[in-house]
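Worksheet for the structure shown next.
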Amino acid sequence: MKNSNKYQKQYFLPQGVTMDWMYKTSIEKPPVWCSVDLRDGNQALIVPMSLEEKLRFFDVLCKVGFKEIEVGFPAASETEYEFCRALIERNLIPDDVTIQVLTQAREHIIAKTFEAIKGAKKAVVHVYNSTSKAQREQVFKKEKDAIKEIAIFGATLCKKYKDEAEGKITLEYSPESFTGTEPEFALEVCNAVLDVWQPTAGDKAIINLPVTVAHSMPHVYAAQVEYMDKNLHYRENVVISLHPHNDRGTGIADTEMGLLAGGDRVEGTLFGNGERTGNVDIITLALNMYSQGIDPGLDFSDLPAITKVYEEVTRMRVPERQPYSGSLVFAAFSGSHQDAIAKGMKYREDKGDGVWTVPYLPLDPADVGRVYEADVIRINSQSGKGGIGYVLETQFNLSLPAKFRETFGYHVKSISDHAHRELMPTEVRDIFMRDFVNVQSPLLLVRASFEAEHEFDGVEYEEDVWAKLTISRDGEEKTVSEHGNGRLDAACNALRRFLDENFAVETYTEHALEEKSTAKAVSYVGIVKDGKTYWGAGIHTDIMTSSLNALVSAVNKMLAAK
């Protein structure tokens with residue numbers, strides 16, 4: 001691409017960091033989670049949420065388990081203010097949940113903010129001002145000292161109003177555009193704010209380090225977090241909060257590395273909703289931890305229900321490939337993937353140690369409210385015999401022999417290919433029933449009877465079964481008898497005599513469709529003629545009838561192929 005030389009680095013790598021956190025292999029415990037869906041997420045919507053929609057979403061966030069929820073910027077609009085008041089006056093905030101509100105470092109805005117949270121038992125007041133080189137030079141046209149004075153002014157006013165407030169108020173400060181700020185200056189400003197607040201063990205402060213716009217690779221942000229972690233005043237009484245955006249598509253990596261480097265808290269949104277490419281997706285972060293054996297402290301066991309509410313109140317859509325949440329993230333269309341998943345599930349069932357190691361599935365879909373039958377094995381022209389057989393077996397208790405699965409798999413893939421679409425499980429079952437089960441054309445078995453005799457027309461036989469079949473073909477019935485070493489063998493010999501065709505039964509299996517005395521039986525028969533195998537299936541309450549139906553179905557498939 002042309003013009004790349006007009007882009008230059010807008011971030012600063014701090015000096016004196018060791019990056020020892022890079023040797024850690026995982027996050028050891030979940031951070032403090034703060035949802036900013038109702039503020040940061042809401043302001044990014046084409047149509048912001050109404051009051052009632054916000055209340056509905058707030059209820060979902062509480063049920064998920066968030067203990068800190070940013071509810072808005074009360075001084076920004078009357079809707080924001082009224083929402084905050086509604087939560088407090090209607091007593092809708094659970095005792096273990098702290099609301100958070102945002103304010104600029106301006107006196108009338110801070111005053112309006114504290115007015116909005118009056119009566120709240122607990123609240124976080126989050127004050128910010130931008131500190132980045134670009135903002136200083138281009139927007140505010142102020143030198144560093146003037147920018148620091150804005151932060152100190154806001155911090156002083158917040159402390160004043162906090163001291164006069166009735167509830168428990170926690171103060172939070174953000175050097176907005178932190179990642180575009182020289183690390184030494186960001187630290188100087190944050191320490192100046194902390195010197196005003198003088199946090200204690202019983203009254204901690206929050207320093208929020210936002211990736212307001214992502215400029216760098218994730219390890220650079222983490223190095224910036226490490227620098228702050230090692231140099232902030234009152235560090236033991238300060239909660240370092242991370243607030244990454246996703247401009248480079250690295251919001252998750254920024255956050256995970258930032259937590260390794262010293263972060264204690266994360267501000268983000270469900271599904272990553274937010275300005276531009278969005279905020280960091282808390283669902284993905286939490287389930288990444290969960291898949292590594294760490295309880296994230298948030299409950300995403302019914303993601304479809306959460307997705308439904310989110311899409312309704314935000315009018316946004318969760319992409320099909322959104323990690324963990326998308327409708328296709330657990331779907332396997334590839335034949336090799338389906339086969340591996342099916343075998344992995346069987347291995348897990350047989351081993352029974354509870355450890356999740358199923359290939360291609362980093363998380364048990366059932367843990368997030370998804371079902372294997374509908375979400376995992378999906379059928380289209382790319383599917384394999386293993387996946388198609390898995391659908392029939394797990395959803396409809398049809399356990400086809402291996403070679404039959406292969407034949408049926410190609411048959412289904414051809415239908416999907418010509419239709420240019422995915423086939424639903426019920427459609428796969430219907431294809432099986434229509435094309436392979438109890439097939440009655442061109443031959444129709446009208447009647448069948450069996451006799452145990454060793455003599456027929458004066459001739460003695462070692463076999464002890466005779467089959468008498470009445471068969472209709474092209475509207476004409478004919479009865480034929482033959483003997484064999486069992487009923488199915490005798491019937492097969494009778495059919496060979498009727499057709500004057502030489503074929504042999506290669507495979508025969510059967511099983512019950514249901515576990516009850518009145519259950520139907522299903523039989524599978526494969527016959528071979530001239531080196532080619534033809535398959536049929538039969539279903540009936542009588543096992544012998546189902547076997548005969550399977551045999552006749554296989555013969556009809558052979559005749560149709562001619």
Side-chain angles (χ1 to χ4, degrees), residues 30 32-43 45 47-103 108-127 158-172 202-206 208 239 241 265-270 273 282-283 286 296-302 305-306 308-314:
V32 175
W33 301 106
C34 178
S35 160
V36 295
D37 290 89
L38 298 171
R39 200 279 304 175
D40 223 9
N42 185 59
Q43 75 176 18
L45 298 176
V47 179
M49 287 178 269
S50 67
L51 175 61
E52 292 305 316
E53 287 171 334
K54 276 192 165 188
L55 290 172
R56 184 183 176 196
F57 204 0
F58 180 81
D59 182 60
V60 168
L61 295 171
C62 290
K63 288 177 179 176
V64 165
F66 285 99
K67 302 307 178 188
E68 297 184 9
I69 302 173
E70 189 169 81
V71 297
F73 193 146
S77 73
E78 198 60 30
T79 302
E80 297 277 286
Y81 183 88
E82 288 302 324
F83 174 57
C84 188
R85 294 310 307 158
L87 290 172
I88 297 168
E89 291 170 4
R90 297 186 196 180
N91 197 28
L92 298 175
I93 306 170
D95 289 341
D96 61 348
V97 171
T98 301
I99 61 170
Q100 178 171 304
V101 287
L102 187 69
T103 179
H108 71 286
I109 294 178
I110 291 173
K112 183 77 170 179
T113 301
F114 275 87
E115 178 186 310
I117 62 172
K118 185 177 181 179
K121 297 174 183 177
K122 295 182 293 184
V124 173
V125 174
H126 180 183
V127 62
C158 284
K159 185 176 187 304
K160 172 180 175 293
Y161 280 96
K162 171 189 172 177
D163 291 342
E164 297 170 356
E166 296 175 357
K168 178 174 173 50
I169 307 299
T170 300
L171 298 179
E172 174 178 355
D203 186 21
K204 293 188 177 184
I206 301 170
N208 190 52
V239 176
S241 179
R265 181 178 184 265
V266 172
E267 295 185 349
T269 61
L270 301 188
N273 179 42
I282 285 182
I283 293 176
L298 297 174
D299 183 2
F300 293 117
S301 59
D302 193 355
I306 296 170
K308 182 175 184 294
V309 173
Y310 167 81
E311 292 187 334
E312 288 174 355
V313 300
T314 66

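Side chains included, hydrogens not; waters and symmetry mates left out as well; all remaining heavy atoms used. Note that the coordinates shown come from a computational prediction; the quantities given were computed from them, not determined experimentally. The first residue in the sequence is number 1, and the count goes up from there.
Using modelled atom types, no side-chain atom of Asp37 and backbone atom of Thr269 make a donor-acceptor pair closer than 3.5 Å. A donor-acceptor pair under 3.5 Å is absent between the side-chain atoms of Asn42 and the main chain of Pro48, judged by distance alone. The closest donor-acceptor contact from the side chain of Trp33 to the backbone of Ile69 lies at 3.5 Å or more, if one exists at all.
Inter-residue side-chain proximity for Val309 and Arg56 is flagged as met; some heavy-atom pair is nearer than 4.5 Å. You'll find the side chain of Glu70 stays beyond 4.5 Å of the side chain of Ser35, heavy atoms only. Between Val127 and Leu102 the shortest side-chain heavy-atom distance does not fall below 4.5 Å. In this structure, the side chains of Cys158 and Ile110 come closer than 4.5 Å at one or more pairs of heavy atoms. Side-chain contact between Val124 and Val101 is absent, with no heavy-atom pair separated by less than 4.5 Å. Contact annotation: the side chain of Val64 never approaches that of Ile282 to less than 4.5 Å [non-hydrogen atoms, C-beta and beyond]. A heavy-atom distance below 4.5 Å is found between the side chains of Leu61 and Leu270. With contacts defined as side-chain heavy-atom distances shorter than 4.5 Å, the pair Leu38/Met49 qualifies.
For Ala75, the side chain to side chain contact (heavy atoms under 4.5 Å, CB included) partners at least two apart in sequence or on another chain are Phe73, Ile109, Lys112, Thr113. By the side-chain hydrogen bond (donor to acceptor under 3.5 Å, both in side chains) test, Lys159 is found to be paired with Asp163, residues two or more places apart in sequence or in another chain being considered. In this structure, the side-chain hydrogen bond (donor to acceptor under 3.5 Å, both in side chains) partners of Glu89, at least two apart in sequence or on a different chain, are Arg85. Ser77 meets the side chain to side chain contact (heavy atoms under 4.5 Å, CB included) test with Thr79, Glu80; sequence neighbours excluded. Here Asp302 pairs with Pro304, Ala305 under the side chain to side chain contact (heavy atoms under 4.5 Å, CB included) rule; sequence neighbours left out.
Of the inter-residue distances, the one linking Lys168 atom NZ with Thr170 atom OG1 reads 4.5 Å to the nearest 0.5 angstrom. Atom-to-atom distance recorded for Lys54:NZ and Phe58:CZ is 11.5 Å, nearest 0.5 angstrom. Separating the NE2 atom in His126 from the OG atom in Ser241 is a distance of 7.5 Å, to the nearest 0.5 Å. Put simply, OG on Ser50 and CZ on Phe83 are 10.0 Å apart, with the number rounded to the nearest 0.5 Å. One distance of note links SG of Cys34 with CD of Glu172; it measures 7.0 Å at 0.5 Å rounding.
With a 6.0 Å radius and a threshold of 12 heavy atoms from other residues, nucleotides or ligands, Glu164 has its CD atom above the threshold.
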Under the side-chain contact (heavy atoms from CB on, under 4.5 Å) rule, what do Asp40 and Asn273 come out as? Steps first, then yes or no, please. CA-CA 8 Å; Asp40 223 9; Asn273 179 42; over 6 Å; no
May I have the step-by-step check of side-chain contact (heavy atoms from CB on, under 4.5 Å) for Val47 and Thr314, ending in yes or no? CA-CA 8 Å; Val47 179; Thr314 66; over 6 Å; no
Audit row: Asp203, Lys162, side-chain contact (heavy atoms from CB on, under 4.5 Å) steps and yes/no: CA-CA 12 Å; Asp203 186 21; Lys162 171 189 172 177; 2.7 Å; yes
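The shortest heavy-atom contact between Pro74 and Tyr81 is O-CB, 3.4 Å. Between Lys204 and Val239 the shortest heavy-atom distance is CD-CG2, 4.3 Å.
A salt bridge links Glu52 with Arg90: the distance from a Lys NZ or Arg NE/NH1/NH2 to an Asp or Glu carboxylate oxygen falls below 4.0 Å. Salt bridge present: Glu267 and Arg265 bring a charged side-chain N and a carboxylate O closer than 4.0 Å.
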Which donor-acceptor pairs under 3.5 Å do the side chains of residues 91-99 make with protein atoms, sequence neighbours left out?
unit_1 : atom_1 : unit_2 : atom_2 : d
Asp95  : OD1    : Lys121 : NZ     : 2.9
Asp96  : OD2    : Lys67  : NZ     : 2.6

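In this structure, Phe114 and Tyr161 have parallel ring planes: the angle between them is below the 30° cut-off, well short of the 60° mark.
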